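The structure presented is a predicted model; accordingly, all values stated were derived computationally and were not measured. Whatever order the structure lists them in is the order used to number ligands and atoms, beginning at 1.
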Amino acid sequence: MTACIFCKIIEGSIPSATIYEDEHVLAFMDIMPVTKGHVLLIPKKHHENVYELTEEESSRLFSVVPKIANALKDEFKPAGMNLLQNNGASAGQAVFHFHLHFIPRYDETDGFQPTFITQEWESSAERIQEIAAGIRVKLKN
Ligand code: AMP
Ligand code: ZN
């Protein structure tokens with residue numbers, strides 16, 4: 001018996017408010033929604049995080065993303081929507097089965113506050129080129 005709470009949802013041993021299911025993925029309502037319509041999309045195969053997903057699993061999962069986003073848009077008429085995906089405890093991951101959050105946004109007072117604060121020490125054009133070069137090397141491996 002699995003200890004993973006999302007695998008238990010897939011097995012049906014704990015309940016969820018499912019909105020979409022196919023052979024490979026499941027989407028259900030987050031039990032502690034940060035805004036109205038907060039949904040999670042998961043692969044049925046247990047993978048802890050993004051590093052473990054195969055290209056095939058990832059393309060199957062992301063192929064349903066526009067469908068789910070548009071259903072949320074039609075149902076709730078949000079002003080915007082954040083897609084969020086946490087990997088590792090230090091990135092805020094609490095459930096270690098890959099999941100993508102859909103967070104419809106209503107206005108600046110909807111309570112969800114993602115912030116992007118530019119780090120001056122890494123933001124010169126030269127430094128950004130240097131960082132990109134390092135990543136390109138890894139992508140060739
Ligand atoms: P994260 O911090 O990215 O790992 O997010 C985990 C999310 O899973 C949180 O938003 C939780 O509210 C949600 N969650 C935990 N347990 C359940 C559950 N049984 N059903 C639905 N959502 C859950
Ligand atoms: Zn799992």
Side-chain donor/acceptor of [X] to backbone N/O of [Y], under 3.5 Å:
X	Y	value
Glu57	Thr54	yes
Glu52	Glu48	yes
Asp30	Met32	yes
Gln93	Val95	yes

- Lys45, NZ: over 12 other non-hydrogen atoms inside 6.0 angstrom: no
- Note on the structure: Any protein N, O or S atom under 2.8 Å from the Zn ion (ligand 2)? Found Cys4 SG, Cys7 SG, His46 ND1, His97 ND1
- Query: Do you see a donor-acceptor pair shorter than 3.5 Å between the side chains of Glu11 and Ser13?
  - Reply: yes
- Message: Checking side-chain polar atoms at under 3.5 Å, does His97 have a donor or acceptor matched by the opposite partner on His47?
- Response: no
What are the atom names and distances for all N or O pairs under 3.5 Å between ligand 1 and the protein?
{"from": "ligand 1", "atom 1": "2 (O)", "to": "Gly92", "atom 2": "O", "distance (Å)": "2.7"}
{"from": "ligand 1", "atom 1": "2 (O)", "to": "Ala94", "atom 2": "N", "distance (Å)": "3.4"}
{"from": "ligand 1", "atom 1": "3 (O)", "to": "Asn86", "atom 2": "ND2", "distance (Å)": "2.9"}
{"from": "ligand 1", "atom 1": "3 (O)", "to": "His99", "atom 2": "NE2", "distance (Å)": "2.7"}
{"from": "ligand 1", "atom 1": "3 (O)", "to": "His101", "atom 2": "NE2", "distance (Å)": "2.8"}
{"from": "ligand 1", "atom 1": "4 (O)", "to": "Ala94", "atom 2": "N", "distance (Å)": "2.6"}
{"from": "ligand 1", "atom 1": "4 (O)", "to": "Val95", "atom 2": "N", "distance (Å)": "3.0"}
{"from": "ligand 1", "atom 1": "4 (O)", "to": "His99", "atom 2": "NE2", "distance (Å)": "2.9"}
{"from": "ligand 1", "atom 1": "5 (O)", "to": "His99", "atom 2": "NE2", "distance (Å)": "3.1"}
{"from": "ligand 1", "atom 1": "5 (O)", "to": "His101", "atom 2": "NE2", "distance (Å)": "3.3"}
{"from": "ligand 1", "atom 1": "10 (O)", "to": "Asp30", "atom 2": "OD1", "distance (Å)": "3.2"}
{"from": "ligand 1", "atom 1": "10 (O)", "to": "Asp30", "atom 2": "OD2", "distance (Å)": "2.5"}
{"from": "ligand 1", "atom 1": "12 (O)", "to": "Asp30", "atom 2": "OD1", "distance (Å)": "2.5"}
{"from": "ligand 1", "atom 1": "22 (N)", "to": "Ile31", "atom 2": "N", "distance (Å)": "3.1"}

- Message: On a heavy-atom basis, which atom in Phe98 and which in Ile42 lie closest, and how many Å separate them?
- Response: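 For Phe98 and Ile42, the tightest heavy-atom pair comes out as O-CG2, 3.4 Å.
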- Centroid separation His99 to Phe6 less than 6.0 Å: yes
